[in-house]
Amino acid sequence: MSIPVWMDVDTGIDDAIALMVLHALPELDVKALSAVCGNSPLSCSYRNTRSMNTVLGTRYPVYAGAEKPLLREARHAPAVHGENGLGDVEVALPADEVLYEEPMWDALYAEAVRQKGQLRLIATGPLTNVAIALTKYSDLKDYLHTILIMGGATQGGNTTPSAEFNMYADPEAAAIVFKAGVPIVMCPLDVTERILLTPDEWKATAANGAKTGQFLCDILKKPWSFHKPYGRAGVQMHDSVPVIYLAHPELFDTEEAGVVVETKGTVTLGKTVTDLYSDKQFDFKNATVVLDADIDAVKRIILNSIGQAS
Ligand code: RIB
Ligand code: CA
């Protein structure tokens, strides 16, 4: 029985690669995609997500969401993802594209009700869209099976020493989602930073003739130009982790934890505070935190997915 999935993204290079993995995994039944302001402005992440239908030869419905965080000014990551959010690679939109005008929060609610509580929501950008949907529809929490999040960190961040980008970009939205009462799988930097592809690995996908292999090489040029000077071995595939976890949880190690998002701090703003390593525990466990993985197996799934994509 395949698992019904909705994926909310801020495409974004690792989001684009995660969409290729999502499409390739037979265990997952993609119902729709939605875009949020994050790595790039909504206009870019929305267009980039629609252009993945060209890359994959699909026609997944794509909905637009929030143009900015709930309370704060938008922040983007052009140094990593390029000005257009896709490594400044231009991809044509499908000539026969159907546009879905409803805002994502309305369409997500309708789909969650339609799926009778079985819909899994994967979120790999700031949680603005998810927070709006949960706030507008007070019973949405009863219709979402699980929310799988790429975000947060139990130790240091990647945007500040405290915070990971998706949480830092909209901490108020993240706080709403973690308090909503929907089962959460949190995929923090602790595990996602260790899932990285090397230039030899991504170039090999193009060499074996996969049409999307050349697309992968093209979009990874920008993030590699960012990461290489720091001495890193490759580019992190953050957003593929919740996708692969949903289809193959057996490849991961997890712990149940209480998780709270800091929304008031200055140095700590956007930090996902967990009770994993503290004597003092929260009086709730609101997240399954993914802390380790069979790294080679996860990377094989990513590379095979790219090879399989149409
Ligand atoms: O911190 C990494 C996350 O922020 C990834 O989802 C990346 O795409 C950016 O959105
Ligand atoms: Ca992302």
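Counting starts at 1 for both ligands and their atoms, in listed order. Here, residue 1 is the first one in the sequence, and each next residue gets the next number. Computed from heavy atoms alone, side chains included, the values below leave out hydrogens, waters and symmetry copies.
Rounding to the nearest 0.5 Å places CZ of F178 at 9.0 Å from CD1 of I147.
Using a 4.0 Å cut-off between charged nitrogen and carboxylate oxygen, K68 and D170 do not count as a salt-bridge pair. Remark: E172 engages R72 in a salt bridge, criterion side-chain N to carboxylate O under 4.0 Å. With salt bridges taken as basic N to acidic carboxylate O contacts below 4.0 Å, one links D106 and K136.
With respect to R300, the side chain to side chain contact (heavy atoms under 4.5 Å, CB included) criterion is satisfied by exactly one of L303, D296, I302: D296. For the side chain to side chain contact (heavy atoms under 4.5 Å, CB included) criterion with P242, the lone passing option out of T124, V185, T146, L121 is T124.
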Is there any protein N/O under 3.5 Å from an N/O of ligand 1, and what does the full list of such pairs look like?
from: ligand 1; atom 1: 1 (O); to: N158; atom 2: ND2; distance (Å): 2.9
from: ligand 1; atom 1: 1 (O); to: E164; atom 2: OE2; distance (Å): 2.6
from: ligand 1; atom 1: 4 (O); to: N166; atom 2: OD1; distance (Å): 3.3
from: ligand 1; atom 1: 6 (O); to: T124; atom 2: O; distance (Å): 2.9
from: ligand 1; atom 1: 6 (O); to: N166; atom 2: ND2; distance (Å): 3.1
from: ligand 1; atom 1: 6 (O); to: D239; atom 2: OD1; distance (Å): 2.6
from: ligand 1; atom 1: 6 (O); to: D239; atom 2: OD2; distance (Å): 3.1
from: ligand 1; atom 1: 8 (O); to: D14; atom 2: OD1; distance (Å): 2.5
from: ligand 1; atom 1: 8 (O); to: D14; atom 2: OD2; distance (Å): 3.3
from: ligand 1; atom 1: 8 (O); to: D15; atom 2: OD1; distance (Å): 3.0
from: ligand 1; atom 1: 8 (O); to: N39; atom 2: ND2; distance (Å): 3.0
from: ligand 1; atom 1: 8 (O); to: D239; atom 2: OD2; distance (Å): 3.1
from: ligand 1; atom 1: 10 (O); to: D10; atom 2: OD1; distance (Å): 3.3
from: ligand 1; atom 1: 10 (O); to: D10; atom 2: OD2; distance (Å): 2.9
from: ligand 1; atom 1: 10 (O); to: N39; atom 2: OD1; distance (Å): 3.2
from: ligand 1; atom 1: 10 (O); to: N39; atom 2: ND2; distance (Å): 3.3
from: ligand 1; atom 1: 10 (O); to: N166; atom 2: OD1; distance (Å): 2.9

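Residues W6 and Y60 place their aromatic rings such that the two centres sit no closer than 6.0 Å.
Residues F226 and P229 come closest through the heavy atom pair O-CD, 3.3 Å.
The hydrophobic cluster containing L196 does not contain L251, counting ILVMFWY residues as joined when their side-chain heavy atoms lie under 4.5 angstrom apart, directly or transitively.
Protein atoms that are N, O or S and lie under 3.0 Å from the Ca ion (ligand 2) are these: D10 OD1, D15 OD1, D15 OD2, T124 O, D239 OD2.
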